[in-house]
Amino acid sequence: MNNTYYALFDDMGKIITSTLDESIIKNLQTKSDLSGSIKCDNSNTNYKYLIVENGKGKCFAITNEKDFIKSRRVYEKHLLMLIDTIKTIKELSEQANLELKLSTHRLIHNLTSINAHNIQEIYGEFPQSLISTSGKKNITVISDIITQKPKTIAKMVLRLAKNNVAMKAEFSVFKRLFDNNVDLSMNYHKVHKVLMNILYTFFPDFTSKHVNVIVHDSSEMAYLDYETFHVAMFHILDNAAKYTKPNSQFDIHINKDEMYITINFEMDSLVIEDDEIEHIFQEGYSGKYAHCLFKNGQGIGMARIKEMLNLNKGDISIEKIGAIQTVNTCGLEVKYQRNIFKLRFLAKKPNTCCTNSN
């Protein structure tokens with residue numbers, strides 16, 4: 001079997017990429033001749049090595065391919081072409097490392113924040129000393145606290161559940177976006193059922209703002225990947241819980257046409273200016289009125305929704321209807337408008353004429 005193995009170094013002598021064993025690289029570094037014969041460990045095959053260097057970098061290579069063994073010129077030309085790729089490889093590697101670093105930093109930041117919320121929730125209802133120490137007595141005291149205020153503890157459990165969903169979403173996004181083999185499990189799912197599974201964990205947030213959530217009944221099926229759909233729904237509901245006007249109505253309609261299932265999230269929420277619509281799906285962007293209320297996050301939610309929808313061959317659009325409503329909140333003038341966030345998914349498997357049901 002004919003093979004060529006090589007190691008590329010940049011102009012500073014730093015290794016960029018290699019298919020050579022470290023022991024062979026060390027062996028070649030001791031060679032006084034730029035070309036010759038070499039045997040690899042645990043192999044009786046003779047390889048022809050060649051060391052080529054110019055102002056762009058250096059290449060160590062070994063080969064048993066006949067064309068390269070016959071002609072040093074052909075061999076050297078091939079290695080010079082590899083050296084020409086060093087700059088591109090470095091740029092791509094640096095970009096990939098930067099994206100991974102930013103994503104990892106974001107994951108750690110978000111998980112740390114969610115964990116802090118969980119700790120705050122627990123210690124808000126139970127003394128820290130009861131949680132951090134063990135003993136049968138502690139269990140009795142905790143049981144008594146639960147008995148004394150069951151509704152308060154029930155709400156706390158729902159908030160913890162929502163935070164757990166948030167952590168799952170963070171892990172899912174991280175894996176999906178940085179896995180070279182994005183493994184989607186596309187299937188038919190009843191939209192209303194899946195949506196309600198996530199929505200239940202947000203009810204305490206809407207209840208505390210006196211927002212009346214109405215999910216209009218539907219039995220429609222969509223062809224989608226459950227996990228990425230779950231992430232998209234989490235972020236759209238998380239944004240709705242933060243930005244919906246208190247004492248208002250939040251309607252969710254599920255509609256179907258020949259090709260698509262559309263979920264319309266219709267709510268009185270913070271005004272989105274016309275010039276913001278084109279930026280709202282960019283990561284890192286937060287709306288003007290979210291900044292005014294200090295409710296802006298890292299501008300991740302809408303970008304994540306769009307990314308998850310793209311994986312499902314879906315899309316999102318925003319429609320603004322009705323007059324702008326101005327509300328005075330704690331001395332601040334807050335502007336709301338009826339906004340419809342339209343999320344669209346496939347109603348059936350591509351290239352099929354009918355849908356299945358579960």
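- Checking Arg338, Lys245, Lys335 one by one against Gln325, the side chain to side chain donor-acceptor pair (under 3.5 Å) holds for a single residue, Lys245.
- By the 30° and 60° cut-offs, the orientation of the rings of His253 relative to His216 is parallel.
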### Task
Could you please spell out the steps behind the side chain to side chain contact (heavy atoms under 4.5 Å, CB included) verdict for Leu82 and Tyr6?
CA-CA 9 Å; Leu82 291 178; Tyr6 60 89; 3.9 Å; yes
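- To the nearest 0.5 angstrom, Ile86 atom CD1 is 12.5 Å from Lys14 atom NZ.
- Aromatic ring orientation, Phe265 versus Phe250: tilted (interplanar angle from 30° to 60°).
- For an aromatic pair to be called close, the ring centres must be under 6.0 Å apart, and Phe345 with Tyr223 fails this.
- Aromatic rings of Phe202 and Phe234 (six-membered ring for Trp) have centroids within the 6.0 Å cut-off, being under it.
- A salt bridge links Lys26 with Glu22: at least one charged nitrogen is closer than 4.0 Å to a carboxylate oxygen.
- Looking at Arg304 and Glu307, a side-chain N of the basic residue comes within less than 4.0 Å of a carboxylate O on the acidic one, giving a salt bridge.
- Side-chain contact of Gln249 with Asp251: a donor-acceptor pair under 3.5 Å is present, judged by distance alone.
- A salt bridge is defined here as a Lys NZ or Arg NE, NH1 or NH2 lying under 4.0 Å from an Asp or Glu carboxylate O, and Glu319 with Lys342 meets this definition.
- Atom OG1 of Thr19 sits about 7.5 Å away from atom OH of Tyr5, to the nearest 0.5 Å.
- The pair Asp11-Lys58 does not count as a salt bridge, with every side-chain nitrogen at least 4.0 angstrom from each carboxylate oxygen.
- Donor-acceptor pairing under 3.5 Å is recorded for the side chains of Glu65 and Thr4.
- Side-chain atoms of Thr262 and Asn255 form no donor-acceptor pair, as typed in the model, at a separation below 3.5 Å.
- Thr228 and Asp225 are linked by a side-chain donor-acceptor pair at a separation below 3.5 angstrom, with hydrogens and angles left out of the test.
- Taking the centre of each ring, Phe68 and His78 come in below the 6.0 Å mark.
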